[in-house]
Amino acid sequence: DHGWAVGGKGQILATTDGGITSLFQESGINSFSLYGLHFIDNQTGWIAGDRGTLLHTADGGATWIQQSVGTSLKLSDVHFIDADIGWAGGDWRTMFHTTDGGNTWTKQTVPNMSGPHIIALHMLNEQTGCATGGTSTGKRSLIGTRDGGNTWTMLIDGPGALLRDLYFINENEGWIVGDSGLIHYSNDGGQSWVQQTSGVSEVLQGVRFVNAQTGWVVGSNGTLLHTTDGGTTWAQHTVETTETLTDVWIAADQTSGWIT
């Protein structure tokens, strides 16, 4: 029943009852935005933001401490596979890796992407993962690693719909969503991708699956899509807003979920 949302002016919003009630947590940041967050359990999590900000909590957000990553550039996303091993990515091909819970970070080399600003990243395990990059001028990129980020290789690069979020349900199967209703599916750990038909033209911002068949996608104009066949077909659901929905999280038992 625990959940968190982040946003402008360092805001962190938390719930412990499935979203029935929520409260603000003190981030110590009040002049710029927070973007990506990742929790490995109800107590331990990280948040990425402007000016190289990386926050860490070990007590469910009661307290947040700043960790020094070693950059002043915007960090857009962060992903940990356990309490020690994680990655943070951001503007101008910024990618950092930690093996001690974020106490120290090592910069990794990223290819010269057409879309140089990392938007989203997802690691399947200690070795394998993908990250998307893009610009506001219609350039998009997708990079992947199979050695923990020691080397990142180009998978997609050039003009096209921006790739805004990605999610893997296991070491092989994953989905990417983006502009113009884009949904792509991979069954080989992100090495190749095939297009799925979303049935919409909106900007798709967030994707989450609970198993290989059941998933949700959210986007602009209150778009909410749902599939029960791995994305072969997508059904559109009505929500009581026309605002942009940026992210979605659904519990593994599908009894509760959050949309921001």
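All values reported here derive from a predicted model rather than from experimental measurement.
A distance-only check finds no donor-acceptor pair linking the side chain of Gln236 to the backbone of His226 [under 3.5 Å]. Using modelled atom types, no side-chain atom of Glu173 and backbone atom of Gly230 make a donor-acceptor pair closer than 3.5 Å. The main-chain N or O of Gly45 is found under 3.5 Å from a side-chain atom of His56 such that the two form a donor-acceptor pair.
The aromatic rings of Phe39 and Trp64 sit perpendicular to each other, their planes meeting at more than 60°, with 30° as the lower class boundary.
Counted by atom type alone, Asp165 and Gln205 present zero donor-acceptor pairs between their side chains at under 3.5 Å. Judged by distance alone, the side chains of Asn221 and Thr223 never bring a donor and an acceptor atom under 3.5 Å apart. Using modelled atom types, one finds no donor on one side chain facing an acceptor on the other under 3.5 Å when comparing Thr94 with Asp91. Between Tyr185 and Gln195, the side chains place no donor N or O within less than 3.5 Å of an acceptor N or O (distance only, hydrogens not considered). In this structure, a donor-acceptor pair under 3.5 Å is present between the side chains of Asp157 and Ser141. For the residue pair Thr44 and Asp41, a side-chain donor N or O sits within less than 3.5 Å of a side-chain acceptor on the partner. In the model, Asp188 has no side-chain atom that pairs as donor or acceptor with a side-chain atom of Gln191 under 3.5 Å.
Here the options are Val218, Leu163, Ile183, the test is side-chain contact (heavy atoms from CB on, under 4.5 Å), and the partner is Val177; only Ile183 passes. Screening Arg164, Arg140, Lys139 for a salt bridge (charged side-chain N to carboxylate O under 4.0 Å, His left out) with Asp179, the sole residue that qualifies is Arg164.
For an aromatic pair to be called close, the ring centres must be under 6.0 Å apart, and Trp105 with His97 fails this. Remark: aromatic rings of Phe80 and Trp46 are close, center separation under 6.0 Å.
Minimum heavy-atom separation, Thr233 to Asp229: OG1-OD2, 2.6 Å.
For the pair Trp175 and His184, the minimum side-chain heavy-atom distance is 4.5 Å or more. Between Thr145 and Gln127, every side-chain heavy-atom pair lies at or beyond the 4.5 Å cut-off. With a 4.5 Å cut-off on side-chain heavy atoms, Tyr35 and Val78 do not count as touching. Between Cys130 and Leu142 there is a side-chain heavy-atom pair separated by less than 4.5 Å.
Met113 belongs to a hydrophobic cluster with Ile81, Ile85, Trp87, Met95, Val110, Ile118, Leu121, Met123, Ile143, Trp152, Met154, counting contacts under 4.5 Å between side-chain heavy atoms of Ile, Leu, Val, Met, Phe, Trp and Tyr, direct or through other members.
In this structure, Ile47 CD1 and Leu54 CG are separated by 9.0 Å, a value rounded to the nearest 0.5 Å.
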